[in-house]
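All figures in this text were calculated on a predicted structure; none of them were measured in a lab.
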Protein chains: 2
Amino acid sequence: MRATIKDVSAAAGVSTKTVSRVLNGERYVSEALRLRVEMAVAQLDFQPSAVARILAGKRSNQIALIYDNHSPHYIHQIQTGIWERCLEQGVRLLAQPSDAGSPNLAREVGELIDQTRVDGVILSSPVTDASAALEALDKLGAPYVRISPGTDHGRSSSVSMDDAKAADDMTSHLIALGHRRIGFIFGHPNHTASDLRHFGYRRALDRAGLSYEPKYVRPGLFDFASGEAAADTLLDLPVPPTAIFASNDDMAAGVLTVAHRRGIAIPQDLSVAGFDDTALASQLWPPLTTVRQPTRQLAYAAASLLFDGDGVPVHRRLPHELVLRSSTAAPRSRSEA
Amino acid sequence: MRATIKDVSAAAGVSTKTVSRVLNGERYVSEALRLRVEMAVAQLDFQPSAVARILAGKRSNQIALIYDNHSPHYIHQIQTGIWERCLEQGVRLLAQPSDAGSPNLAREVGELIDQTRVDGVILSSPVTDASAALEALDKLGAPYVRISPGTDHGRSSSVSMDDAKAADDMTSHLIALGHRRIGFIFGHPNHTASDLRHFGYRRALDRAGLSYEPKYVRPGLFDFASGEAAADTLLDLPVPPTAIFASNDDMAAGVLTVAHRRGIAIPQDLSVAGFDDTALASQLWPPLTTVRQPTRQLAYAAASLLFDGDGVPVHRRLPHELVLRSSTAAPRSRSEA
DNA sequence: GAATAATATGACACCGATGACATACCTGCC
DNA sequence: GGCAGGTATGTCATCGGTGTCATATTATTC
């Protein structure tokens, strides 16, 4: 059986409380005792039980990540970023997939907090905007940080990128290339980022003096199939767009596939842009022009805010980056209006 | 403050032990008391503290997943499969990324077990074959199940697919199409599956009476870039292969990109096959013929073995499936030897 | 009807740490 | 010399449950 604090205290000839003091680096321990305790700890290869600590103390040294996202790449980045920060902090990470729309969400979150006593929670989109979850967390007084929340920004600390600006940048890039008819594929309506990206697209058109044409804007669900469907509709138009900007890479992949199927050359006959810079983006043919979302860094920053936070909401905005690859180019004929 | 078992016992007018019995569905509780307790629980919205349970009892109702895998899709599938089973069991899941080659692996695993008291551990490749981790688990007596282990099969329960058979099937498919010169890209040397897939490839050639040509076999690392590099080498050969079988989809994507870059038509001039059936496979152009690895089901089964196991190693093998898409076809000229 | 077994309930210690508080020992200062 | 205040250490209750054991009640058997 593993050594407990009692074994250590016996071996060192001190009280368990003194051992506890040494363990936690408290003041008021003489150098002599500190040394004896440390030697006993080393000798017994003693590991304090996290469980007992939680029960007795205040901190659990565990945080939870609540997510509901169907992009493995995104979650992986998020998880990796958080984990990196946790490692530095000596904190464990509990993964909690969930369903942002579930009527049980509040209960699930409540159970998570009550049962595990996590010190804090990180929410990723779209759970960031599930009011049931937020209410449950507020009620229980659990600190939480949101990654890319869409609404209610004052409610908690958060990290985010500027989705509108990014979409604006990409759209402007296409306009600069000479495109005048730019299709846009909306993201999943549950994600607030979808709306922001759409707004950025529209703002860029507006600034360039191009009219916003609803027929060039199609709904999407952030998945491959919806990208295909949207592309089919757009390319069936009497005067199809010369460029299509999809709200994420998966949908852009769908656009590419439709184009290949129709024998449309990319980027000569059609420019395609995505969003996220997932691994997929560089593995497609042609490699996708897209927006690099600093996902891992966002996650890392979120964990930092959680650890260092003092209750006052802080917002951190991280910069995105346009990644220009070969799926975009000037349209074949610049004379088109 | 949250209700505790004491509040419930007071509200129901019974001892805490009786509440505990009801909570755990133990025998020997009268219907009347059970009802009173259940009502009190409902009324107070009582959630037993997992932490206290762990400390007092034997089970922690937590398991951990230790992984070190650079494929987000794979991990996501694994995590989802395990989570599904955990949900049924009311068990929480701790995610523990790690580095299979790290000299600290044994310590990390030891700390994980000691500190969290997880009931068991699931290992995914390649940590499945990191002897430091296995030794640490054995020493601490922690039950564990491995997903697709490569070595030492008798050592623990495990779930796996038949990698050799799958690669054999795919190779046989290419041979049946008429291919005689089939390139092969090896997987990451750390993963034992790599070796098995290669063996399956070779066995299929052998059975068909085709000679095994080392020049058609290139190393790879399971990533896109190594797929590109291997494809370039293969296609530069004086007599290049008419088909390339990559040990996973990412590398197959690399092959497709090289082919596109060189203007090689797929599948007319070159057939390409992958392995795993990741999301990527169906999002590429042309969609990839590949092997569907039952990752999620493997993970689910692994969790089941962990929960239901009684210490006796059990091995479960799940069936794979050939997914035929449009990246493979008969070679242009069947006359080639 | 007494002995035995099965059922039902509670008292209490305990899991392994930390928190609150008590106590003892030094210093330094009036 | 006595007292305040910082330093060092220990005692004991406590966190919120479960395990063990004792005991009371009811059912079964001969």
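Between A/Leu55 atom CG and C/dC15 atom P there is a gap of 13 Å when expressed in whole angstrom units. Put simply, CG on A/Leu35 is 12 Å from P on D/dT9, counting in whole angstrom units. The distance between atom NZ of A/Lys17 and atom P of C/dG16, rounded to the nearest whole Å, is 18 Å. Distance B/Gln47 CD to D/dC15 C1': 18 Å, rounded to the nearest Å. Between the CD1 atom of A/Ile54 and the C1' atom of C/dG19 there is a distance of 17 Å, rounded to whole Å. At whole-Å resolution of the value, CG in B/Asp119 and P in D/dT18 are 14 Å apart. Between A/Lys6 atom NZ and C/dT18 atom C1' there is a gap of 14 Å when expressed in whole angstrom units. In this structure, A/Arg53 atom CZ and D/dG17 atom P are separated by 22 Å, rounded to whole Å.
Comparing A/Ser49 and B/Ser30 along DNA chain C, the residue whose closest nucleotide (by nearest heavy atom) sits nearer the 5' end is B/Ser30. If B/Asn24 and A/Ser15 are placed on DNA chain D by their nearest nucleotide, the residue sitting closer to the 5' end is A/Ser15. Checking A/Ala56 against B/Leu33, the closest nucleotide of DNA chain C that is more toward the 5' end is the one next to B/Leu33.
Put simply, the side chain of B/Asp68 never gets that close to the backbone of B/Val127: no donor and acceptor are under 3.5 Å apart. The backbone N or O of A/Ala12 sits less than 3.5 Å from a side-chain atom of A/Arg36, completing a donor-acceptor pair. No donor-acceptor distance shorter than 3.5 angstrom exists from the side chain of A/Ser157 to the backbone of A/Val145, with no hydrogens or angles considered.
Side-chain atoms of B/Arg21 and base atoms of D/dG19 include no donor and acceptor less than 3.5 Å apart.
The residue A/Leu23 sits apart from the nucleic acid: no heavy atom pair falls under 4.0 Å. As judged by a 4.0 angstrom heavy-atom cut-off over every strand, B/Glu31 is placed among residues making no nucleic acid contact. Backbone-only contact: B/Val14 has heavy atoms under 4.0 Å from sugar-phosphate atoms and none from a base.
Between A/Ser20 and the phosphate of C/dT18, there is a side-chain N or O to OP1/OP2 separation shorter than 4.0 Å. In this structure, A/Tyr28 reaches the D/dT7 phosphate: one of its side-chain N or O atoms is under 4.0 Å from OP1 or OP2. Phosphate contact (OP1/OP2 of D/dG10, side-chain N/O of A/Thr16, threshold under 4.0 Å): absent. Under 4.0 angstrom from either OP1 or OP2 of C/dT7 there lies at least one side-chain N or O belonging to B/Arg27.
Which of C/dC15, D/dG17, C/dT9 sits closest to the side chain of B/Pro48 comes down to D/dG17.
Closest heavy-atom contact between B/Ala302 and B/Ile147: CB-CG1, 3.7 Å.
For the pair A/Lys139 and A/Glu135, the salt-bridge criterion is not met [side-chain N within less than 4.0 Å of a carboxylate O].
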